[in-house]
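The figures that follow rest on heavy atoms only: side chains count, while hydrogens, waters and symmetry mates do not. Here is the naming used below: chain letters follow the sequence lines, and residue numbers restart at 1 for every chain.
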Amino acid sequence: MKTNLIGLPIPTRDGEFTAHYSETGLPGLDFPKPGRNSRPKAGVIPIPKIVREWHRTTTQALKAVLAGGLPKGLPPLDWTEGTAFQQKVWKVMGKIAPGKTLSYGEIASAIGKPKASRAVGGACGANPIPVLVPCHRVLAANKKIGGFSGGMDWKYRLLEREGVRVGAV
DNA sequence: AGCCAGTCTCGGA
DNA sequence: TCCGAGACTGGCT
């Protein structure tokens, strides 16, 4: 666990996301939570300059993705807490262009384990940085929506915004 | 369309 | 270390 974990809000037209920053980058991003969330940390801990910079980048990137586009840049993603397998999966997912989708099986093949599609699904669900790591662009083999940890409606909304038509569940 | 078995990883007991 | 469960797949009924 990181010591100086800082949570900063990112207001968007879709609600207020929360970005978490460690000393080395961005380890997590939260979807807007229902109700109001308290986040006193920002006022207590002095925010390092580098974090403010990351936050600006993150905000831009997030909004770009929410608009169905490609972020100009990303902050350093700190997913060192994930297992080696998960990191491979996330890295592959990060290369999916807006408007494109891959199946769990294709991801599995991409990391050299064509039969690990189900495990890939698990890694997607464990993705701590949704949206920026486009886990929503991963569909089941027959283009079914599958599932989404942040809520199915998000997955639908994000994909539709990118012009992707998904099959019914 | 629905059910079943194969496959792989993760997390808890 | 073993066991169950999962955002999967492909095949069979």
Any pair counted as ring-ring contact (aromatic ring centres under 6.0 Å, His included), so long as it reaches residues 56-79 of chain A, sequence neighbours left out: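 For residues 56-79 of chain A, and leaving out neighbouring residues, the ring-ring contact (aromatic ring centres under 6.0 Å, His included) pairs sorted by first residue read A:Trp79-A:Trp90.
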Strand DNA chain B as a dot-bracket string - pairs counted if Watson-Crick or G-U with both distances under 3.5 Å, | where the partner lies in another strand: ||||||.||||||
Partner set under side chain to side chain contact (heavy atoms under 4.5 Å, CB included) for A:Glu160, not counting sequence neighbours: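 Checked A:Glu160 against side chain to side chain contact (heavy atoms under 4.5 Å, CB included); zero matches.
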Side chain to side chain contact (heavy atoms under 4.5 Å, CB included) against A:Pro48, all qualifying residues, sequence neighbours excluded: A:Ile6, A:Ile50, A:Val51
Per-nucleotide protein contact string for nucleotides 7-13 of chain C, where B marks a base within reach and S marks sugar-phosphate only (heavy atoms under 4.0 Å, - for neither): BBSS---
Results of ring-ring contact (aromatic ring centres under 6.0 Å, His included) for A:Phe85 - residues two or more places apart only: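 For A:Phe85, no residue satisfies ring-ring contact (aromatic ring centres under 6.0 Å, His included) once neighbours in sequence are set aside.
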Partners meeting ring-ring contact (aromatic ring centres under 6.0 Å, His included) with A:Trp54 (sequence neighbours left out):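 For A:Trp54, no residue satisfies ring-ring contact (aromatic ring centres under 6.0 Å, His included) once neighbours in sequence are set aside.
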Under the side chain to side chain donor-acceptor pair (under 3.5 Å) test, residues paired with A:Arg161 that sit two or more places apart: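 Result, side chain to side chain donor-acceptor pair (under 3.5 Å) vs A:Arg161: A:Asp14.
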Under the salt bridge (Lys or Arg N to Asp or Glu O under 4.0 Å) test, residues paired with A:Arg56 that sit two or more places apart: none
Can you give the donor-acceptor pairs under 3.5 Å from side chains of residues 106-125 of chain A to other protein atoms, not counting sequence neighbours?
residue: A:Glu106; atom: OE1; partner: A:Ser103; partner atom: N; Å: 2.8
residue: A:Glu106; atom: OE1; partner: A:Ser103; partner atom: OG; Å: 3.4
residue: A:Ser109; atom: OG; partner: A:Gly105; partner atom: O; Å: 3.2

Plane angle bin for A:Phe17 and A:Phe31 - parallel if under 30°, tilted between 30 and 60°, otherwise perpendicular: tilted
Kindly list each side-chain donor-acceptor pair under 3.5 angstrom involving residues 130-141 of chain A, sequence neighbours excluded, with atom names and distances?
residue: A:His136; atom: NE2; partner: A:Glu162; partner atom: OE2; Å: 3.3
residue: A:Arg137; atom: NE; partner: A:Glu162; partner atom: OE1; Å: 2.8
residue: A:Arg137; atom: NE; partner: A:Glu162; partner atom: OE2; Å: 3.1
residue: A:Arg137; atom: NH1; partner: A:Ile96; partner atom: O; Å: 2.8
residue: A:Arg137; atom: NH2; partner: A:Glu162; partner atom: OE2; Å: 2.9

Contact boundaries on DNA chain B for chain A, cut-off under 4.0 Å to non-hydrogen atoms: B:dG6 to B:dC10
